[in-house]
Amino acid sequence: EAGVTQFPSHSVIEKGQTVTLRCDPISGHDNLYWYRRVMGKEIKFLLHFVKESKQDESGMPNNRFLAERTGGTYSTLKVQPAELEDSGVYFCASSQGQGEFYEQYFGPGTRLTVT
Amino acid sequence: GQQVMQIPQYQHVQEGEDFTTYCNSSTTLSNIQWYKQRPGGHPVFLIQLVKSGEVKKQKRLTFQFGEAKKNSSLHITATQTTDVGTYFCAGGTSYGKLTFGQGTILTVHP
């Protein structure tokens, strides 16, 4: 079974530019989560999709971040315009169901550097 | 909002020594999960604890969930070099959102 995949693995952009991160969850997983780890800090929740619907987007930092999951398959996270503080590793995770009995499988992450 | 504090931030041990990392939550948790991230890797699920006072073992790893469901610990007996990495606890909700602790970076010296 293929795991969660993320693209790109690394991205270096200048402040003010736009970047789009992609996540392909495990096939059949309706639940998709985005997390972010800024250097030296904890992994923070950004948002949660159930199929194509946003279940919880309470962790999105501001309106420069836009997440989509059209068709309920892969998801994209766009940052526009990027700021220096957006640098970090963005993880995507998926699970078959939601709640305490479903393991979340994490992707390898996208390391974003904003210069 | 919910906060999960994890200590220590770093732990250096000699191979064969034991290791423990602790987590405390500001609120009662629905469940607590533990993840391991190898250097350069991504978080990998280790275990989930749901019941008050629960203790689970995986070979040399022992996981505990406090009676009040606000704290948890991970203990590794007789560490090996393969145990190196960052160990995260994460408080879970009934709908899936995880609140991570800061992680403990474990270094094992051969």
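Per chain, numbering begins at 1; letters A, B, ... match sequence-line order.
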Are the side chains of [Y] and [X] in contact, using a 4.5 Å heavy-atom criterion?
X: B:Pro43; Y: A:Gln104; result: no
X: A:Ile43; Y: B:Phe88; result: yes
X: B:Phe100; Y: A:Lys44; result: no
X: B:Leu98; Y: A:Tyr35; result: yes
X: A:Phe106; Y: B:Phe45; result: no

(request) Let me know if A:Arg37 has heavy atoms under 4.5 Å from chain B in its side chain, its backbone, both or neither. (result)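 When you check distances to chain B, only side chain atoms of A:Arg37 fall under 4.5 Å.
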[X] atom [atom1], over 12 foreign heavy atoms within 6.0 Å:
X: B:Arg60; atom1: CZ; answer: yes
X: A:Lys54; atom1: NZ; answer: yes
X: B:Gln3; atom1: CD; answer: no

(request) Determine which residues belonging to residues 101-110 of chain B lie within contact range of chain A, meaning some heavy atom pair is under 4.5 Å apart, and list them by number or answer 'none'. (result)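 Under the 4.5 Å heavy-atom cut-off, B:Gly101, B:Gln102 qualify.
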(message) Can you list the residues of residues 72-85 of chain B that sit under 4.5 Å from chain A, counting heavy atoms only?
(response)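 So far as heavy atoms go, nothing in residues 72-85 of chain B approaches chain A to under 4.5 Å.
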(request) With rounding to the nearest 0.5 Å, note down the distance linking CD in B:Gln48 to CD in A:Glu103. (result)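 These two atoms lie 9.0 Å from each other.
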(request) Determine whether A:Tyr33 and A:Phe65 fall in the same hydrophobic cluster, where Ile, Leu, Val, Met, Phe, Trp and Tyr are linked whenever their side-chain heavy atoms lie under 4.5 Å apart. (result)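 No, no single cluster joins them.
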(request) Using non-hydrogen atoms and a 4.5 Å limit, figure out which bit of B:Gln6 sits close to chain A: side chain, backbone, both or neither. (result)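 Neither part, no heavy atoms under 4.5 Å.
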